[in-house]
Number of protein chains: 2
Amino acid sequence: MRNVPNQLREAFRSAGRRLTPQRMLILQVLQESDRHLDAEAVHDRVRQRDPEISLATVYRTLALLKEMGLVNAPSLGAERSRYESAGSTPHYHFTCLNCGRVMEFDSPLIGQLSDELSQAHGVSVVGTQLHVVGYCASCVAQMGGESETSRQ
Amino acid sequence: MRNVPNQLREAFRSAGRRLTPQRMLILQVLQESDRHLDAEAVHDRVRQRDPEISLATVYRTLALLKEMGLVNAPSLGAERSRYESAGSTPHYHFTCLNCGRVMEFDSPLIGQLSDELSQAHGVSVVGTQLHVVGYCASCVAQMGGESETSRQ
DNA sequence: TTACCTGCAAAGGGTTTGCACTTTG
DNA sequence: CAAAGTGCAAACCCTTTGCAGGTAA
């Protein structure tokens with residue numbers, strides 16, 4: 001467990017977490033992969049180097065890494081499915097990671113994006129879905145200068 | 001079961017589906033709600049008018065309505081969570097509705113969109129997720145001038 | 001009349017957790 | 001050493017499904 005980037009060591013230390021071989025391995029697998037992996041895929045790859053590692057540890061580690069900001073979970077807020085009646089104007093969503101508030105918005109840029117995509121790749125766009133996550137104005141204000149990353 | 005918009009009737013008829021009271025109720029609840037509801041929330045509301053309706057029916061109906069394009073499920077592809085190492089360039093996806101091919105792309109417009117959102121609403125953007133669906137170039141060519149609209 | 005639907009209850013499948021043992025710092 | 005982490009297996013929870021009895025068209 002040497003040859004570990006100090007930055008990484010430090011990230012764990014300052015978060016009061018331990019840098020275990022399992023965690024390093026999982027992080028490594030994610031870094032080496034160029035595509036998004038689900039927990040099971042991570043588990044499979046990790047087991048090639050450490051057959052003992054459990055799926056539970058993979059889940060726990062992914063959650064931890066995500067919390068630490070070392071890993072992104074594109075399907076952020078992997079909450080249950082939500083539905084809305086169609087037919088209304090297309091709109092996009094912003095979800096606050098702190099308070100969970102969902103805001104809808106729209107922008108002409110999205111139309112531009114469709115056009116750009118059509119022209120560049122010759123595709124025919126039927127629909128777009130945009131999900132932005134971050135912190136809403138009031139949570140930003142409330143958190144002020146705190147450097148703590150908040151839990152979702 | 002009269003006073004039903006003919007358009008709706010027709011939508012079901014042409015899809016070879018039946019317009020049952022349960023389905024109408026569910027659709028109605030979704031239309032009346034201004035926020036996204038998960039299956040359980042839909043179930044709760046629907047039961048206020050028909051205590052007999054089951055959660056299974058709600059799930060089946062939501063799937064059907066989504067398939068018919070009458071309902072949107074923002075969390076498209078409610079697949080399992082996927083993870084990627086943070087720090088890599090953000091990328092977005094285009095999925096072809098015909099052949100299923102997935103293409104990744106990127107555009108500066110997305111950055112602009114974040115900026116726009118930040119300025120307009122004072123939010124702090126952490127990440128964006130864009131999913132575009134449509135038909136890829138080769139499928140468009142192959143399908144030629146067919147006018148059928150496809151389901152999302 | 002007959003597909004298609006519904007309710008019920010059980011099964012699925014991804015994710016989380018309790019527990020006893022191990023390991024990091 | 002004490003606190004954190006791990007493996008295992010059971011528990012969870014949302015969602016799906018098999019079945020037998022309804023029901024729209």
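In the text below, chain A, chain B and the rest are named by the order of the sequence lines, each starting its count at 1. Values below: every heavy atom of this structure, side chains too, minus hydrogens, waters and symmetry copies. If you're wondering where the values come from, they're calculated on a predicted model, not measured in any experiment.
Here the P atom of nucleotide D:dC13 and the CG atom of B:Asp38 are 14 Å apart, to the nearest Å. To the nearest angstrom, P of C:dT24 lies 10 Å from CZ of A:Arg9. The interatomic distance linking B:Phe12 (CZ) with C:dC5 (P) rounds to 9 Å, in whole Å. To the nearest angstrom, C1' of C:dC5 lies 15 Å from CG of B:Leu62. Going from atom CD of B:Glu10 over to atom C1' of D:dA25 covers 14 Å, rounded to whole Å. Summarising the geometry, the separation between NE2 on B:His43 and C1' on C:dC8 is reported as 12 Å, rounded to the nearest angstrom. Between the CZ atom of B:Arg13 and the P atom of C:dC5 there is a distance of 14 Å, rounded to whole Å. Atom CZ in B:Arg47 sits about 11 Å away from atom P in C:dG7, given to the nearest Å.
Considering only residues two or more places apart in sequence or on other chains, B:Gln112 meets the side-chain hydrogen bond (donor to acceptor under 3.5 Å, both in side chains) condition with none of them. For B:Arg13, the side-chain contact (heavy atoms from CB on, under 4.5 Å) partners two or more places apart in sequence, or in a different chain, are B:Glu10. The side-chain hydrogen bond (donor to acceptor under 3.5 Å, both in side chains) search around A:Ser54 returns A:Thr57, not counting sequence neighbours. Legend: residues meeting salt bridge (Lys or Arg N to Asp or Glu O under 4.0 Å) with B:Arg18, ordered by chain and number and at least two apart, are absent. The side-chain hydrogen bond (donor to acceptor under 3.5 Å, both in side chains) check on B:Ser124 picks up nothing, with sequence neighbours excluded.
Salt-bridge annotation for A:Arg49 and A:Glu32: present, with a side-chain N of the basic residue lying under 4.0 Å from a carboxylate O of the acidic one.
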Protein proximity profile, nucleotides 4-12 of chain D - base contact B, sugar-phosphate-only contact S, no contact -, cut-off 4.0 Å on heavy atoms: BSSBBB---
